[in-house]
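Contents: one structure, followed by commentary.
Here is the naming used below: chain letters follow the sequence lines, and residue numbers restart at 1 for every chain.
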Protein chains: 2
Amino acid sequence: MDVDRPRKPTLDTVAGAVGVSRATVSNAYNRPDQLSAALRERILETAAALGYPGPDPVARSLATRHSAAVAFMLGQQLSASFSDPALSIVLDGLASTVDGHDHCLVLMPGGADRGGPRPQTVARAQADVVVAYSLPDDAPALAAVRARGLPMVVIDQPVLPDTARVEVDDAGGARLAAAHLLELGHRRFAVVTFSLRPDGGNGPASPARLAEATFRVSRDRLTGYLSELRAAGVVDVPVWECSGSRRELSRSAGRTLLTGDDRPTAVLCASDELAFGVLQAARDLGLAVPEDVSVVGFDDVPAAEHAEPPLTTVRQPLVDKGRHAGELALRLLDGGRPGPPTRLAVTLVERASTALHT
Amino acid sequence: MDVDRPRKPTLDTVAGAVGVSRATVSNAYNRPDQLSAALRERILETAAALGYPGPDPVARSLATRHSAAVAFMLGQQLSASFSDPALSIVLDGLASTVDGHDHCLVLMPGGADRGGPRPQTVARAQADVVVAYSLPDDAPALAAVRARGLPMVVIDQPVLPDTARVEVDDAGGARLAAAHLLELGHRRFAVVTFSLRPDGGNGPASPARLAEATFRVSRDRLTGYLSELRAAGVVDVPVWECSGSRRELSRSAGRTLLTGDDRPTAVLCASDELAFGVLQAARDLGLAVPEDVSVVGFDDVPAAEHAEPPLTTVRQPLVDKGRHAGELALRLLDGGRPGPPTRLAVTLVERASTALHT
DNA sequence: TTGTAGGCGTTATCAT
DNA sequence: ATGATAACGCCTACAA
């Protein structure tokens with residue numbers, strides 16, 4: 001008559017009850033062909049009677065050295081996964097690839113400073129492969145993943161040794177947009193970008209700060225915009241950095257930028273979300289788009305088409321981005337090697353938010 | 001001169017190299033105050049030199065018996081988490097609560113049949129608490145979670161012993177909507193619902209099928225609609241079941257329902273997404289909303305306000321739903337008891353898609 | 001402050 | 001077909 005507290009049954013408990021060894025019980029669950037149907041039946045029954053929930057997943061992971069999960073690291077709060085339009089489309093693509101492979105998708109929190117998950121968080125995450133999305137180039141999380149020796153695929157990140165990668169021609173897309181505006185006769189521009197560095201910077205960005213940008217996407221889009229303009233002789237373009245890709249931020253940026261006599265006739269934004277804010281700012285100031293000011297975005301999220309006016313923007317294949325990342329991740333999961341990066345094309349989508357400068 | 005293959009270093013390796021015990025190395029990572037700063041420093045240095053990535057998360061989980069993760073089970077594909085508007089708002093709320101607690105969010109794939117994760121998937125998932133959302137009442141996944149003894153919080157599910165729960169008054173909301181339409185003088189109705197059972201059913205739903213519905217949400221909204229109508233003497237209301245909450249499905253449903261002389265003058269939908277499809281169907285058929293037919297939705301997702309025409313709908317606090325679920329989950333994580341269910345209110349939002357029946 | 005020893009629950013490799 | 005036994009890598013009293 002034991003007085004033990006009701007401890008959860010384990011493989012051992014069941015083995016003892018049935019009178020077989022642990023190995024056999026384990027086999028009953030994982031290799032039905034390794035034991036007689038009758039014995040297996042008896043084991044499973046006793047297990048049920050004992051309330052044994054089946055092999056513990058953590059213990060199994062320890063023994064098998066894999067956990068049937070793919071992790072996703074982002075540079076933002078967890079909730080951005082579901083609220084940021086562009087990000088959630090990428091995740092949709094990733095998820096649709098992972099779906100049907102019976103793997104869980106582990107979302108790692110990125111911390112409020114946009115710097116990506118803390119190394120400690122990475123160290124604790126249980127996954128067989130990790131997908132990193134738009135982290136600062138020098139994010140500690142990237143090093144932490146490498147330290148753990150986990151295979152990784154990066155999206156919108158610089159080249160990293162031994163890492164699969166899907167990339168988009170951000171600079172080229174940005175140039176397309178700038179060229180479009182130049183063709184329309186614009187000569188006075190402004191640029192609105194999201195974070196250049198994960199430090200919450202918000203406001204006009206100095207050339208020095210531009211040079212120090214650690215977010216590859218911001219940097220490339222910005223460089224694309226500015227270099228195309230410079231090639232056409234347009235210099236001294238004001239750049240406004242928003243601390244995130246949220247329209248409230250660009251709205252107030254827009255209100256400043258679009259005020260004054262020498263206000264720009266065209267605003268280049270690093271994302272559609274930022275462009276929406278600028279559109280709102282123009283409305284706030286009584287400026288007509290595109291008559292008074294042209295606005296272009298980047299991404300071509302679904303809302304771009306329904307904006308007021310419909311937004312001219314650079315389309316990038318967001319779903320494909322996620323999908324490819326997923327495929328690369330699955331390949332790495334199977335022990336495959338990284339291989340060359342997947343390159344995705346961008347296109348300019350001309351809508352009604354841009355027009356000839358009259 | 002060993003010829004070992006380069007095996008990954010473990011706590012032991014480091015301990016050996018430094019000349020201390022495993023426990024001390026472990027403490028260096030987890031309890032800095034348990035050893036001298038100097039020794040700790042030396043340990044960490046050697047670890048770095050050896051390429052030791054720090055304590056293995058799986059082994060740690062096995063020993064500590066928790067894994068710093070909260071799991072989310074849904075009745076759909078993983079990708080629905082990011083593409084289904086209502087679901088992603090709930091997840092946004094959940095994520096914003098979990099954010100800052102340094103826990104990962106584990107999304108479990110639900111399988112294509114909407115029946116929820118397979119028991120086997122549940123058995124392998126590594127998490128300390130699980131949140132279940134809108135699964136069939138008899139989903140095997142629910143039993144699997146209980147079998148594992150994991151604490152659980154359910155959203156939009158029937159009462160379950162020993163389980164935290166957040167619930168919404170779906171039936172009441174539905175009654176509100178039906179009453180609204182009755183007041184406007186409507187007498188001929190149709191109802192469009194999403195899945196009643198996880199079997200892909202799509203088409204007119206018989207009373208028998210209604211009675212057998214296993215999705216609590218579908219059942220309650222449907223019951224709310226029909227009982228309110230019945231109380232007003234309106235019977236024989238056709239119900240169309242769509243196999244998912246997607247507008248393409250309800251669009252074709254709508255085209256059938258809105259055809260014929262005795263077509264309904266009002267359509268009650270189980271979700272906004274379904275209502276959008278019906279709106280489209282009306283357009284397809286050249287019917288004006290609300291002049292020819294009134295349409296109401298359920299949820300009040302952001303798009304409802306911008307629909308053409310703006311959609312009358314039952315608002316439920318989606319973000320709060322997720323947030324509360326998150327709070328309950330965190331409480332369970334801390335060893336708290338389930339407590340009474342959190343009840344959330346719904347309200348009718350009258351917009352332009354409903355009007356007097358003339 | 002540091003070390004010892006036992007445990008966490010499985011899987012995997014050989015024998016038998 | 002089954003069973004011993006050794007990993008898997010770490011945590012944590014408790015002892016020293």
Side-chain angles (χ1 to χ4, degrees), chain A residues 4-5 7-43 46-47 50-68 120 123-126 128 147-150, chain B residues 4-5 7-43 46-47 50-68 120 123-126 128 147-150:
Chain A
D4 301 283
R5 52 203 175 313
R7 206 196 178 74
K8 253 184 22 185
T10 77
L11 216 43
D12 254 336
T13 320
V14 179
V18 181
V20 296
S21 76
R22 276 184 315 203
T24 303
V25 178
S26 174
N27 282 335
Y29 283 95
N30 303 314
R31 308 179 175 179
D33 52 317
Q34 294 296 297
L35 72 175
S36 66
L39 177 54
R40 179 174 135 89
E41 183 65 13
R42 214 171 86 228
I43 291 176
T46 341
L50 258 41
Y52 174 66
D56 177 281
V58 176
R60 162 184 273 149
S61 284
L62 180 60
T64 60
R65 317 168 70 49
H66 53 75
S67 45
Q120 182 193 333
R124 304 180 101 95
Q126 303 183 174
D128 302 323
R148 278 189 52 185
L150 285 178
Chain B
D4 301 284
R5 52 203 177 313
R7 205 197 179 75
K8 255 187 17 186
T10 77
L11 259 193
D12 255 336
T13 321
V14 179
V18 180
V20 297
S21 76
R22 279 185 315 202
T24 304
V25 179
S26 173
N27 283 334
Y29 283 95
N30 304 314
R31 308 180 175 180
D33 52 317
Q34 294 296 297
L35 71 175
S36 66
L39 177 55
R40 177 174 137 88
E41 182 65 15
R42 215 170 86 227
I43 291 177
T46 333
L50 258 41
Y52 174 66
D56 177 281
V58 177
R60 161 183 283 162
S61 285
L62 180 59
T64 60
R65 318 170 69 49
H66 52 75
S67 45
Q120 182 193 333
R124 303 179 101 96
Q126 302 180 175
D128 302 323
R148 279 189 53 184
L150 285 177

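With A:V25 as the partner, the side-chain contact (heavy atoms from CB on, under 4.5 Å) test is satisfied by one option alone out of A:L39, A:V14, A:T13: A:V14. Partner of A:V18 under the side-chain contact (heavy atoms from CB on, under 4.5 Å) criterion, out of A:T46, A:T24, A:L50: A:T46 alone.
Separating the CD1 atom of B:I43 from the C1' atom of C:dG3 is a distance of 12 Å, rounded to the nearest angstrom. Rounding to whole angstrom units, CZ of residue A:R65 and P of C:dA12 are separated by 11 Å. The interatomic distance linking B:Q34 (CD) with D:dA16 (C1') rounds to 15 Å, in whole Å. Atom C1' of nucleotide D:dC10 and atom CZ of A:R124 are separated by 12 Å, given to the nearest angstrom. If you measure from atom OH of B:Y52 to atom C1' of D:dG9, you get 8 Å, rounded to the nearest angstrom. The distance from atom CG of B:D12 to atom P of C:dG3 is 13 Å, rounded to the nearest whole Å.
Contact between the side-chain N/O atoms of A:Y29 and the OP1/OP2 oxygens of C:dG9 is not found at any separation under 4.0 Å. Taking side-chain N and O atoms only, A:S36 has a distance below 4.0 Å to OP1 or OP2 of D:dT2. The phosphate of D:dT2 has neither OP1 nor OP2 within less than 4.0 Å of any side-chain N or O from A:S21.
Remark: side-chain polar atoms of B:D128 are paired, donor with acceptor, to backbone N or O of B:S67 under 3.5 angstrom.
When all heavy atoms of B:A147 and A:P53 are compared, the pair lying nearest together is O-CB, 3.0 Å. Residues A:Y29 and A:A47 approach most closely at OH-CB, 3.3 Å, considering heavy atoms.
With a 4.5 Å cut-off on side-chain heavy atoms, B:R148 and A:P57 count as touching. A heavy-atom distance below 4.5 Å is not found between the side chains of B:N27 and B:D33.
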Within the sub-3.5 Å range, which N or O atoms of nucleotides 11-13 of chain D have a protein N or O partner, and how far apart are they?
| unit_1 | atom_1 | unit_2 | atom_2 | d |
| --- | --- | --- | --- | --- |
| D:dC11 | OP1 | B:N30 | ND2 | 2.9 |
| D:dC11 | OP1 | B:R60 | NE | 2.9 |
| D:dC11 | OP1 | B:R60 | NH2 | 3.2 |
| D:dC11 | OP2 | B:S26 | OG | 2.8 |
| D:dC11 | OP2 | B:N30 | ND2 | 3.3 |
| D:dT12 | OP2 | B:R31 | NH2 | 3.2 |

I'd like a list of close polar pairs between nucleotides 14-16 of chain C and the protein, N/O only, cut-off under 3.5 Å.
none

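With values rounded to the nearest 0.5 angstrom, A:T64 atom OG1 is found 7.5 Å from B:R124 atom CZ.
Candidate nucleotides C:dT2, D:dG9, D:dT2 were compared by shortest atom distance to the side chain of A:L39, and D:dT2 ranks first.
Counted by atom type alone, A:N30 and A:R60 present one or more donor-acceptor pairs between their side chains at under 3.5 Å.
If you check every strand for non-hydrogen atoms under 4.0 Å, B:V20 touches sugar and phosphate atoms only. Among the protein residues, B:L62 comes within range of the nucleic acid bases, having at least one heavy atom under 4.0 Å from a base atom.
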